[in-house]
Amino acid sequence: MKNFTISVFIIWYSFSYSQSIEKDSLTQRRIDNPLAVQVGFQGSIFTSLDDNFISQAYSQDIGFNLAARFGIKEFIGIGLNYNRYEFKLDDSRFFGSNFPTSRFHSFMIFAYYQQPIYKNLTAELKFGLFDSTIKNRGTLKTGNLKYNLSGVVTGLNMVCYLSDKKVIGISFGANVHFSLSETIETAPAEQNFINKNIFSTLNLGIVIGN
Amino acid sequence: MKKIMLSITLILLVFGCTAVENNTVITVKGILVDQELNPIQDMRIELVSSNIKSFEELQNFGFNLSIINRIDVFDITNERGEFKFFFPRSSLNLALFIDLDQGLNFQSIELDENFPILIVEDSNSLDLDFEDLILIPSE
């Protein structure tokens with residue numbers, strides 16, 4: 001009986017002990033969960049930073065930006081980004097009335113480093129690759145015309161979280177895109193003018209995460 | 001089955017109509033000069049698409065406005081008389097056009113006939129550099 005009582009006590013104790021360890025570790029993990037998933041919805045302004053094809057041919061307008069980040073909270077991770085703008089031809093030397101409207105969209109994949117700066121303010125530095133397309137919608141007679149540009153991108157993003165839990169924040173960021181490809185076939189003298197473009201996207205909106 | 005065939009036909013029809021080539025930009029450029037080879041500044045010159053393909057056809061049919069389709073691509077020559085256009089490589093027949101009310105025609109080298117239009121005979125080439133184009137007063 002004595003042995004039985006001791007056995008039951010040991011089993012119960014070990015069971016309850018392991019339960020409490022498990023419980024503690026779960027609680028701990030929930031509070032300090034370092035894994036972050038964050039999405040952002042932002043209004044966006046497109047600006048050309050040089051005097052090449054995109055800046056001369058099109059007038060640029062506002063658009064929107066969608067972003068998703070996966071990584072270790074306030075440290076490092078990878079992200080995906082999508083930008084879209086409606087352009088219009090702005091120079092009579094380019095393409096003409098056969099192409100009344102143009103849509104620019106750009107996908108980007110980036111690695112980021114985040115650093116808390118002050119209370120709920122976080123800064124993020126990123127580097128990545130982008131692939132963009134300018135789709136010029138043409139008349140039925142000509143059909144649509146697509147241009148692809150790709151290259152590297154770098155950017156800085158600031159997030160001001162609205163509470164200490166850091167679930168929702170206001171985000172402001174700037175990305176600079178360096179188009180390095182030679183995907184657009186053109187006269188040798190115009191290769192750099194047509195293909196090498198530098199442009200920036202300024203994004204302002206909200207981010208939501210865990 | 002009929003619907004599938006109809007869809008395929010429609011798709012082929014739509015793609016068959018596509019005249020431009022993706023991811024290509026041709027450049028058309030040159031310098032407008034007078035008979036003394038002085039550059040002509042502030043001259044409006046247009047890129048148009050044309051129903052005719054060659055200078056011979058132009059000679060046979062003569063020029064009238066119905067042979068060109070305005071595509072709203074134009075430039076104003078700078079102080080060196082230079083102009084430049086950017087257009088996708090396409091199956092359109094392209095031509096350069098000087099508006100009639102500017103009172104000038106392209107000088108023809110071979111013949112006395114002069115026209116306000118210059119047919120671009122290799123209009124799908126990536127780099128069309130006409131260098132000096134002599135303009136003379138139209139009659």
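Because the structure is a prediction, the values reported are computed rather than measured. Numbers restart at 1 for each chain; the letters A, B, ... are given by sequence-line order, proteins then strands.
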Any donor-acceptor pair under 3.5 Å from [X] side chain to [Y] backbone:
X         : Y         : answer
Asn114(B) : Asn105(B) : no
Asp122(B) : Ser125(B) : no
Ser179(A) : Asn195(A) : yes

Largest heavy-atom contact set with chain A, pairs under 4.5 Å, which of [options]:
options                         : value
Leu128(B), Leu126(B), Asp127(B) : Leu126(B)
Phe83(B), Phe74(B), Phe85(B)    : Phe74(B)
Ile71(B), Asp72(B), Asn23(B)    : Asn23(B)

Please confirm whether the ring centroid of Phe106(B) lies under 6.0 Å from the ring centroid of Phe130(B). no

Flag the pair Tyr85(A) / Phe46(A) as yes when their ring centroid distance falls below 6.0 Å, and as no otherwise. yes

Donor on one side chain, acceptor on other, Asn65(A) and Gln42(A), under 3.5 Å: yes

Side chains of Gln41(B) and Glu79(B): donor-acceptor distance under 3.5 Å anywhere? no

Is the NZ or CZ atom of Lys126(A) positioned over Tyr112(A)'s six-membered ring, under 6.0 angstrom from the centre and within 45° of the axis? no

Taking the cut-offs as 6.0 angstrom to the six-membered ring centre and 45 degrees off its axis, would you call Arg93(A) and Phe86(B) a cation-pi pair? no

Quick one: what part of Ile194(A) sits under 4.5 Å from any heavy atom of chain B, side chain, backbone, both or neither? side chain

Can you say whether Ile76(B) sits under 4.5 Å from chain A via the side chain, the backbone, both, or neither, judging by heavy atoms? neither

Can you name the closest pair of heavy atoms from Asn144(A) and Arg137(A) and give their distance? OD1-CA, 3.2 Å

Closest heavy-atom pair, Lys196(A) versus Ser181(A), reported as atoms and distance to 0.1 Å, is NZ-O, 3.8 Å

Which is it for Glu46(B) and Arg70(B) under the salt bridge (charged side-chain N to carboxylate O under 4.0 Å, His left out) test, yes or no, and what are the steps along the way? CA-CA 8 Å; Glu46(B) 275 184 68; Arg70(B) 312 294 266 272; 2.8 Å; yes

Name the option with the most non-hydrogen atom pairs under 4.5 Å to chain B; the candidates are Leu89(A), Ile184(A), Asn136(A). Ile184(A)

Hey, what's the ring geometry for Phe87(A) with Tyr58(A), parallel, tilted or perpendicular (30° and 60° as the breaks)? tilted

Contacts of residues 25-33 of chain B with chain A (heavy atom under 4.5 Å): Val25(B), Thr27(B), Lys29(B)

At under 4.5 Å between heavy atoms, what parts of residues 94-107 of chain A are in contact with chain B? List them by residue number. Phe94(A), Phe95(A), Gly96(A), Ser97(A), Asn98(A), Phe99(A)

Hey, which residues of residues 146-172 of chain A are touching chain B, say heavy atoms under 4.5 Å apart? Lys146(A), Tyr147(A), Asn148(A)

Any side-chain heavy atom of Thr24(B) within less than 4.5 Å of one from Asn124(B)? no

Residues that Asp101(B) engages under side-chain contact (heavy atoms from CB on, under 4.5 Å), provided they are two or more places apart: Asp99(B)

Phe75(A), CZ: over 12 other non-hydrogen atoms inside 6.0 angstrom: no

